[in-house]
Amino acid sequence: MTLTQIDFQQRRTELAEKMGPHSIMLIATSPVVYRNRDADYKFRADSHFYYLTGFAEPEAVAVIETFESADEYSYSLFCRERDPEMEIWNGYRAGIDGAIEDYDADEAYAIDLLDEEIIEKLQHKQKLYYRIGHDAAFDTRVNTWLKTAENAQRKGAVSPSQVLQLERILDEMRVIKSEQELELMQIAANISAEAHTRAMQKVRPNMMEYALEAELNYIFGQNGCVPAYNSIVGGGENACILHYVENNQPLNSGDLVLIDAACEYQHYASDITRTFPVNGKFSEAQKALYNVVLKAQYAAIDAVQLGNRYNEPHKVAVKILTQGLLDLGLLKGELDALIAAEAYHPFYMHGTGHWLGMDVHDVGAYKMDAESRLFEEGMVITIEPGLYISAQDESVDEKWRGIGIRIEDDVVVTKNGPRVLTANVVKTIEDIEALMAQSAHSPNA
Ligand code: GLY
Ligand code: MN
Ligand code: MN
């Protein structure tokens, strides 16, 4: 399954309609980023840019122009020219002909001609859409183009009198996923689920966290994928560091390990967290906390329903987590008062989910008219409650200290209720222990 030029063209048509007549849209892909000296990070196209073009090469700018009516629009792609010598060094380029033939551009130009050609195109437009404030260097170039076009206006041309935030439109287009996008996200989720399953099978006491991370990367790599974000593999109290990415400590028998890792497939992300015992068996304290998080997660997933608002799963999760902390004696008091005072905060300090799509923390507003927005069909959200008991927390019984647990799945809003994309990796204590026992784990392994 891959997206075709028809999918990208439909997106450009929808954008042109939303722009209205006599408008122009500019968008650049991501810059190449250097890791150190001559070594660059593997290039990843900008998500908005790729969403509209399907073009994954660096150094490219897309332009959409509408005319008398928005149905009539033209798509131009500025990209690197073919260059046999440079292609020997850095690989294949589509070039100007490829932009037209393979990427459906109506017009294509060498990226070096951008300054010149844009001034020409701006001169006949009333509205300019671009990502205001996204990239300071691009803002400066746009300002220069606008000034130049405005100066030409005195000589009789028309230049844009309105500059509008392109992200407002694209964010809202992307927050609702098409069937094809959901298919790609399902593939990403399946590969990530397989990686987590392998991690549960491969973990052994005294293994290094990075060695377990390598087991995840093996599955991502075998499927032509890269991690969608830096993998978190935290043993014991490292699980209480929300963005722990050092992954350089040994995994100890008796501890849990929290893995928050998932791949990106064809520019679409997944996002999974599982927490399981290094030696294959949960202790009583770990079980008690784990089951509170799991109960909260099931209930929060159930709250992903049309008619509910984005913050409903969080409210549901907070209630169950707080009740669980009360039942286990980590909090004392009355449920509603504890929730109102956010007494759970030292143990649960993050939200319960975010939009997921081409970006792991995907675009799309979370509020509409100052209220948490209603779920709509085709939205994808993560559901990821957790409990984190600091190793230094002397207010709780010693047995709880240094335990960190999160369980995260990816959920589609459908008219038939929540659809979990990441159901292929187990999460009940029974299923995790059974899977780990099959891989020859034992408390003394
Ligand atoms: N993996 C990033 C997150 O869960 O938000
Ligand atoms: Mn997440
Ligand atoms: Mn995550």
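Please read all numbers here as calculations on a predicted model, not as lab measurements. All ligand and atom numbering here is 1-based and tracks the order in the structure.
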**Request:** Quick one: look up the protein heavy atom nearest atom 5 (O) of ligand 1 and list residue, atom name and how far away it is.
**Result:** His361 NE2, 2.7 Å
**Request:** Name the closest protein heavy atom to atom 3 (C) of ligand 1, giving the residue it belongs to and the distance to 0.1 Å.
**Result:** Asp271 OD2, 3.4 Å
**Request:** May I have the step-by-step check of side chain to side chain donor-acceptor pair (under 3.5 Å) for Asp410 and Ser270, ending in yes or no?
**Result:** CA-CA 7 Å; Asp410 305 343; Ser270 46; 4.9 Å; no
**Request:** Determine, stepwise, if the pair Glu264 / Arg44 fulfils salt bridge (Lys or Arg N to Asp or Glu O under 4.0 Å).
**Result:** CA-CA 11 Å; Glu264 173 180 297; Arg44 201 292 196 162; 3.0 Å; yes
**Request:** Would you check, one step at a time, whether the test side chain to side chain donor-acceptor pair (under 3.5 Å) holds for Tyr244 with Asn238?
**Result:** CA-CA 7 Å; Tyr244 176 76; Asn238 293 337; 3.3 Å; yes
**Prompt:** Relative to the Mn ion (ligand 3), which of the N, O or S atoms in Asp271 is the closest?
**Reply:** OD1
**Asked** Which single N/O/S atom of Glu408 lies at minimum distance from the Mn ion (ligand 3)?
**Response**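 Result: OE1.
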**Request:** For this output row, return yes or no: ring centroids of His350 and Tyr388 closer than 6.0 angstrom.
**Result:**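 Ring-ring flag for His350/Tyr388: true, centres closer than 6.0 Å.
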**Asked** If you count the atoms of ligand 1 from 1 in the order shown, which ones are under 4.0 Å from a heavy atom of Glu408?
**Response** 4 (O)
**Item:** Proximal ligand 1 atoms for Glu384, defined as those under 4.0 Å from one of its heavy atoms
**Value:**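 Taking each heavy atom of Glu384 in turn, ligand 1 has 3 (C), 4 (O), 5 (O) under 4.0 Å.
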**Message:** Restricting to N/O/S atoms, is Glu384 within less than 2.8 Å of the Mn ion (ligand 3) or not?
**Reply:** no
**Prompt:** Is His354 close enough that one of its N/O/S atoms sits under 2.8 Å from the Mn ion (ligand 2)?
**Reply:** yes
**Asked** Would Asp260 count as a contact of ligand 1 if the rule is a heavy atom under 4.0 Å away?
**Response** yes
**Request:** Give a yes/no on ligand 1: does His350 have at least one heavy atom closer than 4.0 angstrom to it?
**Result:** no
**Asked** Crowded around Asp369 CG? As in, over 12 foreign heavy atoms under 6.0 Å?
**Response**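 Not buried by this count: 12 neighbours or fewer within 6.0 Å.
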**Asked** Would you say Tyr34 has more than 12 foreign heavy atoms packed within less than 6.0 Å of its OH?
**Response**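 Counting other residues, nucleotides and ligands, OH of Tyr34 stays at 12 neighbours or fewer.
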**Prompt:** Would Thr13 and Tyr73 count as a side chain to side chain donor-acceptor pair (under 3.5 Å) if you check the C-alpha gap in whole Å, the side-chain angles of each, and the deciding distance to 0.1 Å?
**Reply:** CA-CA 8 Å; Thr13 305; Tyr73 72 92; 2.7 Å; yes
